[in-house]
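See structure below.
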Amino acid sequence: MSQNHLYLVDGSGYIFRAYHQLPPLTNKHGQPVGAVYGYTTMLWKLAEELGKAEGPTHLAVVLDKGSHTFRNDMYDQYKANRPPPPEDLVPQFPMIRDATRAFSLPCIEEEGFEADDIIASYTKAAVAQGWHVTIVSSDKDLMQLIQPGVDMYDTMKNERRGPDYVVGKFGVTPDKLGDVLALMGDSVDNVPGVPGIGPKTAAKLITDYGSLEAALEAAPSMKKSKMQENLIAHADMARLSRRLVTLHDAMDLPEPLEDFSLKGIPTEPLQAFLEHHGFRSLLTRLGAPAAAVAVATAAAAMTEATPPPKPQVAPEPPIDRSLYETVVTEDALDRWIAAAHAEGVVAVDTETDMLDCVSCALVGISFAVGPNAACYIPVGHGGRDMFAERPAQLPKELVLAKLKPLLEDDSVLKVGQNLKYDLTVLRRHGIDIAPYDDTIVMSFDLDAGQSLAGHGMDEAAKVHLDHVCISFKDVTGTGKSQISFAEVPLDKATEYAAEDADVTLRLWKLFKNRVANEGATRIYELVDRPLVSVIARMEHEGIKVDREALSRLSAEFTAGIAALETEIHALAGQPFAIGSTQQLGAILFDKLGYKGGRKGKSGAYSTDVNMLEQLKAQGAEIAGKVLDWRQLSKLKSTYTDALQAQINKDSGRVHTSYSLSGAQTGRLSSTDPNLQNIPIRTEVGRQIRHAFVAEPGNVILAADYSQIELRLAAHMADVPALKEAFANGEDIHAATAQQLFGEVNRDTRGRAKTINFAILYGISRWGLAARLEIGADEAQDMISRYYERFPGISLYITETIEKARSRGYTETLFGRKTWFPRIKAPVQHERQGAERAAINAPIQGTSADIIKRAMARMGPALEREGLENVKMLLQVHDELVFELPEADVDAASTVIRHVMESAAEPLVKLSVPLGVEIGFGASWGAAH
DNA sequence: ACCCTCACG
DNA sequence: GACGTACGTGAGGGTA
């Protein structure tokens with residue numbers, strides 16, 4: 001060996017670059033691995049240099065450790081501006097070490113020193129012994145080290161860099177680079193430098209005067225200029241900067257140079273690593289046996305960046321229910337658990353005796369580890385009925401004890417369809433399923449708005465697998481003869497339950513690839529998937545409802561309704577069903593002769609609020625009474641009565657169910673009961689909110705985003721006037737009124753508010769005209785004026801529609817797609833409807849993304865502050881409702897406000913602040 | 001199963 | 001020149 005050549009790899013610097021340059025890939029375990037993949041290919045590339053003329057004889061990877069270094073002691077602002085690393089990069093840091101170990105390469109990191117200092121020290125030591133050194137990095141600070149025998153290698157650009165490169169880029173030789181960097185400063189690392197001096201001026205000064213110190217000394221005698229003044233004023237900062245950019249090259253070497261000797265890369269640990277992540281193309285190049293690669297491919301359905309390889313596996317066999325197994329022995333159970341471990345991914349589905357996941361009992365669990373490789377483990381069949389024959393099955397406790405390690409194993413991905421249900425059921429048995437994927441959420445993130453794709457399993461199986469699932473009704477029957485799943489015979493139950501798991505796994509493989517290939521990773525991994533377990537907890541928590549209060553209200557409403565009914569019948573001159581629009585229409589228009597038109601194809605009279613308000617204005621007393629009657633009936637039937645029936649017998653609380661795939665825009669929806677439409681707008685309705693109460697000693701706290709959609713519209717359409725108003729904390733509707741009408745009063749503010757909302761919803765002159773009770777021409781003038789005052793808005797609208805038309809979908813700031821198949825409909829009003837929805841979707845959707853991120857982060861944030869008694873209970877689109885001990889209100893408010901206001905970051909940087917209003921009290925009503 | 005109406009953001 | 005629409009939901013009651 002004539003010449004030793006040391007390669008020093010700047011690992012920390014590399015992964016940031018890899019992260020930003022590569023698409024956000026995930027491996028089969030659902031972990032983000034884009035940067036790891038880039039890092040692995042980089043090491044691979046270096047390994048291939050082995051034995052070449054300029055290749056390494058010695059190699060070490062150098063990483064940063066900890067965040068505090070001697071530079072922080074020198075200057076407490078050092079790197080203080082640096083944003084935290086992206087959240088999907090954080091989990092990749094430890095994987096970088098795994099990758100390095102997989103290549104059997106030494107990895108050096110030292111507390112208190114940056115990777116740059118370690119590299120400088122090793123470089124110095126190696127040069128002293130006459131070695132050549134190549135620094136694998138593109139960091140400009142490290143370029144100071146370039147000298148005869150030392151060069152740099154940028155693997156991404158495939159470029160080797162010597163002194164000429166530095167001269168070309170910075171105008172000075174590497175030995176003067178530190179002086180130039182000190183003058184320039186660095187906003188990322190927060191090296192102050194001298195204001196107003198950039199690379200060009202810095203290079204000129206150093207070239208002219210020879211060094212930083214010489215330039216600073218000469219400053220007073222330079223020609224008077226802003227630059228000269230700054231140079232004098234900030235001389236101390238320049239000297240500090242010089243020390244900050246100086247590399248520390250005299251540290252004790254943690255390991256001797258000789259230990260970095262490199263002979264070759266053993267395939268053993270590397271292959272295991274590549275298989276774990278499913279890095280297919282590298283596996284192939286490693287020369288792994290073809291069979292092993294195929295297995296890894298089939299199991300992993302891996303998603304690599306370039307190029308998307310054609311699946312090399314045979315198409316999956318059709319579903320064959322006869323292959324499913326009913327697990328009733330311990331041996332069989334162990335076998336399935338082992339298979340799941342071996343596969344690394346398993347589809348899971350739980351069967352219960354009723355739908356209510358707070359009170360239901362576990363009846364059985366099904367698994368699938370491959371096509372047709374599915375089983376059902378009954379644990380509660382015939383359970384509740386003491387007289388029914390109980391089929392032979394394993395004890396529930398034993399099964400759960402055996403499954404717990406698998407379901408909580410980090411290295412086995414659990415896949416479910418609508419997993420929040422299973423999460424709740426199993427959490428009641430002390431099992432926290434993780435990590436997980438949810439196929440309903442994946443489907444939604446891929447296909448929201450696509451009219452063909454239903455996200456429920458039966459529909460998804462039909463659409464994507466062309467398979468008709470056994471329906472739940474087929475096994476349990478319907479109506480009066482319906483039986484509980486616990487009473488279904490085991491053979492039938494196995495066919496149904498195992499098929500669910502089998503189908504789920506098949507769908508997952510399909511969706512997993514699509515999520516990566518269709519750009520849905522960001523929204524899925526960083527917004528929706530983390531939310532599943534959060535929602536499960538909220539649903540399980542429920543909210544306390546004061547039954548007596550509701551019952552009192554119910555009685556009041558009943559009396560009011562009865563009184564109104566008598567009056568209405570008297571005014572009508574006959575009794576009739578007031579709730580029947582048909583009968584009401586006949587009374588109003590035929591019998592009493594008020595004027596009003598027939599409506600559309602149904603031929604029925606319109607009797608909605610607008611019509612009744614109009615009649616009332618004409619002096620029809622009956623119309624006002626009907627409106628009052630309707631309000632009270634609505635409140636009674638939908639709220640006071642129905643809500644009492646929804647109070648859970650076991651918990652005494654109301655547990656709503658949130659749908660993660662309910663609204664096309666990405667919003668949640670709430671059912672059984674819907675707790676997102678509890679009255680608030682009228683005084684009488686608001687009383688219902690007062691029945692949502694806290695436990696004794698606790699309070700209800702409500703935190704609302706203020707005007708979030710308008711703020712987002714201002715940001716997304718880039719409207720300076722609106723952004724400024726929000727930045728200054730102005731009343732946005734008043735500000736709009738000022739812009740549009742030149743003066744602010746009750747009337748103009750109200751009209752401005754209407755127009756602001758019209759913008760969010762996709763405006764038409766007729767719609768606005770109807771709302772403002774003005775002519776369409778006048779409405780059109782107003783819209784034109786709005787566009788004039790707030791440019792950007794009309795551009796946003798035309799661009800959004802254009803994008804929806806050309807690509808078929810719109811996107812939120814977080815990349816959530818909503819599809820609009822009707823955007824090209826030949827029927828005009830259908831098309832225009834789709835256009836209005838397309839205008840609204842990015843705004844409403846981004847707002848939904850933001851609050852979802854706040855929800856996902858809320859639990860950990862509260863926990864960090866020791867606030868584990870603060871429970872998040874409800875979400876109402878722009879509001880989060882909590883229950884908490886009264887003593888925690890102040891501390892919790894701080895955390896909640898911060899989490900909500902910063903929820904977009906760091907993925908999205910908004911140019912408007914997000915405002916949050918917080919209130920609390922004994923009830924939800926009192927919290928507003 | 002569908003329409004109408006109306007509760008919410 | 002008209003389409004009596006604003007965007008997104010879920011629930012209850014009446015009707016067929």
*asked:* Distance alone, cut at 3.5 Å: any donor-acceptor contact between the side chains of A:D781 and A:S784?
replied: no
*Looking across every strand, which nucleic acid part, if any, lies under 4.0 Å from A:I680 by heavy atom: base, sugar-phosphate, or nothing?*
sugar-phosphate
*Under 4.0 angstrom, heavy atoms only, what part of the nucleic acid is A:S764 near: base, sugar-phosphate, or nothing?*
base
*asked:* Show me the pairs that pass ring-ring contact (aromatic ring centres under 6.0 Å, His included) and involve residues 809-846 of chain A, at least two apart or across chains.
replied: A:Y809-A:W819
*Select one nucleotide: of B:dC6, B:dC8, C:dG14, the one nearest the side-chain heavy atoms of A:V609.*
B:dC6
*Between A:Q582 and C:dA16, is there a side-chain N or O to OP1/OP2 distance below 4.0 Å?*
yes
*Looking at A:R681, does any N or O in its side chain come under 4.0 Å of the phosphate oxygens OP1/OP2 on B:dG9?*
yes
*Who is the Watson-Crick or G-U wobble partner of C:dA2, with both distances under 3.5 Å?*
none
*asked:* Once you apply a heavy-atom cut-off of 4.0 Å, does A:S847 come out as touching a base, just sugar-phosphate, or nothing?
replied: nothing
*Mind checking side chain to side chain donor-acceptor pair (under 3.5 Å) for A:R765 and listing every partner two or more places apart, or none if nothing turns up?*
A:Q780
_C1'-based separation of C:dG4 from B:dA7 [nearest Å]_ = 23 Å
*How does protein contact run along nucleotides 7-13 of chain C, one letter per nucleotide 5' to 3', with B for base contact, S for sugar-phosphate only, - for none, heavy atoms under 4.0 Å?*
BBSBBSS
*So, A:R653 and A:E883, do they make that salt bridge, N to O below 4.0 Å?*
yes
*Decide, yes or no, whether a salt bridge links A:R686 with A:E683 under the criterion of side-chain N to carboxylate O below 4.0 Å.*
yes
*Any A:T581 side-chain nitrogen or oxygen under 4.0 Å from OP1 or OP2 of B:dC3*: no
_Euclidean distance for P, B:dT5 against C:dA6 (whole angstrom)_ = 12 Å
_Salt bridge flag under 4.0 Å for residues A:D528 and A:R816_ = yes
